[in-house]
Amino acid sequence: MASCPFPAKIAGLSLLTLPLAVAAETNQDPELMDPIVVTATLGPKTVGESLSSVTVIEQEDIRRQQPKEFREVIASQPGVSVVGNGSYGKQTSVFLRGNASDASILLVDGIRIRSATVGGPAWQYLPPQLVSRVEIVRGSRSSLYGADAVGGVIQAFTTPTGQGTRGWVEAGGGNLDSQQYGAGASAVEGGSRINVAANYFRTDGAPVVEGGEDKGYDNSSGVASASHEFSNGVRTGFTFLGAKGNTEYEGGEEDFLFQVAGVNLEVPITSNWRSVVQFSDARDELEDFSSFPGEFNTQTRSSRLENWFTAGTHEFVLGAEHLVDRVESTTAYDESSRSNTAVFGQALLNFGPLDTHFSLRNDDNEAYGKETTWGAGVGYELDRNHRVRSSVGTSFKAPSFNDLYFPGFGNPDLEPEEATSYELGLEGRYVRWFWDVAVFHTDVEDLSLPSQDSAGSVPEARLRGVEFSGGWQARGWTLKAAATVGNYENKEDDEQLIRRAENTLRVDLDKELGEWVLGTSVRAESFRYDAIFNPSTFQVDRKRIAGFGVWDLRASRNLAPGWLATLTVDNVLDREYSTAKRFDNTNFISAGRTVFLSVRYDFVR
C-alpha cells in the first residue's frame, strides 16, 4: 500500500538523534518537563506516571495560535486525524489512532458530551476561546470511562489556572468578515475559585464545496464555574459551558445548542479514604433547515461516584456510574431513552521505579446488555529522565440510537464493536525538553455499525502505527513536534479504512523577541479515501483524496502593560485542500488563506 514517507523520515531522524541529545543533557534541575494530567488515570499523575500516551496543550499554546475552531487545537497532534465538511462550524470528525470518529470520548471539565443519535460529539461547536487546557489521551480507556473510549479520551478544561484576581477583554476581526468579542474574569484565593467568561464569534465563511457560495457561522458561548474547599477538607463546586448559534452548509443550515453542566462534592472520610460524587447534564440539540428539516435533541444525565483509597504509595479506586440518554426528535425513533449502569475499579501500584496499573469495569445497558472491559499497564523508570511503559486493554463502541432505532435504517439487534489494544512506549523528560515514542496496535471486531463506516461492514480491522512527539524550551524558543506513521486497514482485503489519514506531521515553533513573539506552524497529512454511493451501479465507490500541507504564521506584540495585539495568517500559501467528499463526489474544501487581528487586555490583581 502506498504511503506518505515524509512523517516517517522525520520520526526516524528524531530517533537517530536521541542518543546524542541524551548525552548532551547535563542540567540536573529537579523540575522536568513532565506535566500533571488527570484524564489518563482519573486523578493527578505526571504524564510519565500515567503510563499513557498523553499530549498536553497548555493555555499559552492556545493563546499563541488564536484558534477559531477547536479542531485547530488538536489537528495533526500525535495519533490525531481530523476531517471537516468545510471550514467554520461545519461537521467535524476526529479519528484517534485510526479508530472511528465516534469511538473516542470528549469531556468538558470531566463531563461527557455527545449526540446520542449520531454517537459522537459535535467537535465543531466547542469554543476554543474559552478553553484553558487540553489533554489528549490515546489508547483504550473503556475500563475507566465505559462505551466509546476505544481510540482514547480528549478533555477540555475551562477552569482558571492562575492565582489572584484576573480579568480580560478581547476584540478582533479578519477577512471573510470574521469577528470575535470576548470578556471574562476569575478569582483564585485560598480554597475558593470562581470563573466567568463569554465569547462571540461570527463569520460570513467561505465556500465549502468547489464553486459554491460562502457559508456562514456564528457561535455565542459562555462558561461559569466555582468551587470552595472548607476547613474540614470538604470540596464542592459546579461548572457550566454552553454554546449556541447557527451554521450554514451546502443545502441548508442548522441551529445548534452545545451545553454541559455539573455539580460535584468531595468528602474526606478518613485520612486514607475520600469520596467524590458528580451529577451532570449534557445536551446536544440541533434543528435542521433544509429539504429534509427536523429536530434532533439529545440529553445525557449521569451520576458518578468514586471512592479513592491510599495505602502508602499505592492508590485504589472503587466507583459506580449511572447514565441515561434521552432523545426528542421530529423523527419517530422506535425507542427514545436508554440507561446504563456501571461499576469500576482501578489499582495504581508503585514499587519504587516500577509502576503497575490495573482497571476493570462492567457496563449493563438496557439496549445491548453487559460489557466487561479491563486494562493493565506497567512502567519502569530506567533513571531519573527515562521511562519505558507497556499496556494492554479492551474496549467497546456502543451502537448509537441511529444504529439501533432510526426508522427503516436501524437494527435493534446490533452488538457493540469490541477491540483489544496494545502499546509499547519509551520517553525521555529533561529540564528543557522531552521526547516520547509509542508503538500501538489495535484489533477491532465488528467494525460494522452503520454510523462507523459508510463503505460497508468491516468485520475485522487492524490499526497499528508509531507516534513520535517532542518539545524544547530555552532562551525564548518554544518548539513542539509530532509525527504519526500508521496503517489502518480492513483485515479481509488489506484496504485502507476510509476517512483516515495514516501519516501526519505537525511542528509548532515560537520565539520571544523583546516585546514581540513570532511563531509558525506546519501541518501535513497523507492521502485518505472517502466512500461515495454510485446510483448507477448501486455500489459504494472508494474515492482517493490527496494529502496536503499547511503553513501558518503568527505574531504578537505587547503594546502597553496588559495590552497585547496578535496577528495570525493561516494557510499562508492559500492552499486549497480537502479531507472529505460530498455525496455527489465533489470535495469539501478549506477556507484558503485567512487573516485575523485581535487586541486583548489582561489585568491581574
Side-chain angles (χ1 to χ4, degrees), residues 1-4 7-8 74-85 91-104 118-120 123 138-140 148-152 395-400 403 414-423 439-467 484-504 525-534 539-548 578-583 585 587-588:
M1 183 181 299
S3 62
C4 174
I74 62 175
S76 305
Q77 297 287 359
V80 180
S81 178
V82 177
V83 170
N85 293 355
Q91 182 178 337
T92 299
S93 302
V94 176
F95 299 87
L96 282 185
R97 289 186 168 176
N99 287 277
S101 59
D102 52 356
S104 298
V118 176
W123 303 92
R138 301 177 296 284
S140 170
D148 309 337
V150 185
S395 54
F396 73 102
K397 164 70 184 78
S400 68
D403 295 327
L414 282 174
E415 296 292 329
E417 162 198 323
E418 297 180 344
T420 303
S421 300
Y422 309 87
E423 178 180 322
V439 180
F440 62 89
H441 181 109
T442 300
D443 290 314
V444 186
E445 296 182 3
D446 299 323
L447 187 67
S448 54
L449 302 181
S451 63
Q452 292 280 61
D453 202 322
S454 58
S457 174
V458 181
E460 291 185 280
R462 181 190 298 115
L463 316 172
R464 54 190 175 180
V466 181
E467 298 167 348
T484 305
V485 181
N487 182 257
Y488 314 135
E489 62 184 10
N490 184 335
K491 290 178 70 172
E492 286 191 342
D493 54 19
D494 295 333
E495 284 192 332
Q496 180 178 328
L497 297 178
I498 65 166
R499 310 200 84 194
R500 289 92 159 154
E502 293 188 326
N503 305 316
T504 64
E525 298 195 2
S526 62
F527 70 88
R528 70 194 78 202
Y529 292 94
D530 211 337
I532 306 297
F533 178 73
N534 188 332
Q539 303 247 338
V540 174
D541 297 335
R542 289 167 57 86
K543 300 293 185 180
R544 177 169 165 148
I545 302 174
F548 65 89
S578 173
T579 56
K581 283 185 175 288
R582 196 166 177 255
F583 66 87
N585 199 30
N587 284 336
F588 287 110

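Not measured: the values here are computed from a predicted model. One is the number of the first residue; the rest follow in order along the sequence.
- Closest approach of I532 and R582 over heavy atoms only: CD1-O, 3.1 Å.
- A 4.5 Å side-chain heavy-atom check between V80 and L96 finds at least one atom pair inside the cut-off.
- Side-chain contact between F95 and R499 is present, with at least one heavy-atom pair separated by less than 4.5 Å.
- Atoms CZ and CD, on R138 and Q77 in that order, are 8.5 Å from each other to the nearest 0.5 Å.
- Pairing each heavy atom of I545 with each of S578, the nearest pair is CG2-O, 3.3 Å.
- Of all non-hydrogen atoms in A398 and D148, the two that sit nearest each other are N-OD1, 3.0 Å.
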Query raised in the report: Q496 and F527: side-chain contact (heavy atoms from CB on, under 4.5 Å), yes or no, with the steps?
Result: CA-CA 10 Å; Q496 180 178 328; F527 70 88; 3.4 Å; yes

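- Shown here for N85 and A580, the closest heavy-atom pair between the two residues is OD1-CB, 3.6 Å.
- Side-chain contact between L463 and H441 is absent, with no heavy-atom pair separated by less than 4.5 Å.
- Closest approach of S421 to T442, counting heavy atoms only: OG-OG1, 3.0 Å.
- With hydrogens and angles disregarded, no donor-acceptor distance shorter than 3.5 Å links the side chain of E460 to the backbone of E492.
- The distance from the CG atom of N99 to the CG atom of L497 is 9.5 Å, given to the nearest 0.5 Å.
- Taken to the nearest 0.5 Å, the CG atom of N503 stands 9.0 Å off from the CG atom of N487.
- The CZ atom of R462 sits 4.5 Å away from atom CD of E489, with the distance rounded to the nearest 0.5 Å.
- Between the NZ atom in K543 and the OH atom in Y529 there is a gap of 12.0 Å [rounded to 0.5 Å].
- Panel note: side chain S400, backbone G119; no donor-acceptor pair is recorded below 3.5 Å.
- For T92, the side-chain hydrogen bond (donor to acceptor under 3.5 Å, both in side chains) partners at least two apart in sequence or on another chain are R71.
- In this structure, CZ in R500 is found 10.5 Å from CG in D530, a value given to the nearest 0.5 Å.
- Residues P399 and P416 meet the side-chain proximity criterion, which asks for heavy atoms closer than 4.5 Å.
- A donor-acceptor pair is defined here as one N or O able to donate and one able to accept, closer than 3.5 Å; no such pair exists between the side chain of T420 and the backbone of D443.
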Report task. In sequence, state the C-alpha distance, the side-chain angles, and the governing distance for E467 and R97, and then conclude on salt bridge (Lys or Arg N to Asp or Glu O under 4.0 Å). Result -> CA-CA 9 Å; E467 298 167 348; R97 289 186 168 176; 2.8 Å; yes

Report task. For side-chain contact (heavy atoms from CB on, under 4.5 Å), just list the numbers for V83 and F588, CA-CA rounded to whole Å, side-chain angles, deciding distance to a tenth of an Å, and then say yes or no. Result -> CA-CA 10 Å; V83 170; F588 287 110; over 6 Å; no

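- Closest heavy-atom contact between S81 and E525: OG-OE1, 3.6 Å.
- When side chains are defined from C-beta on, V82 counts as touching I74, because their heavy atoms get closer than 4.5 Å.
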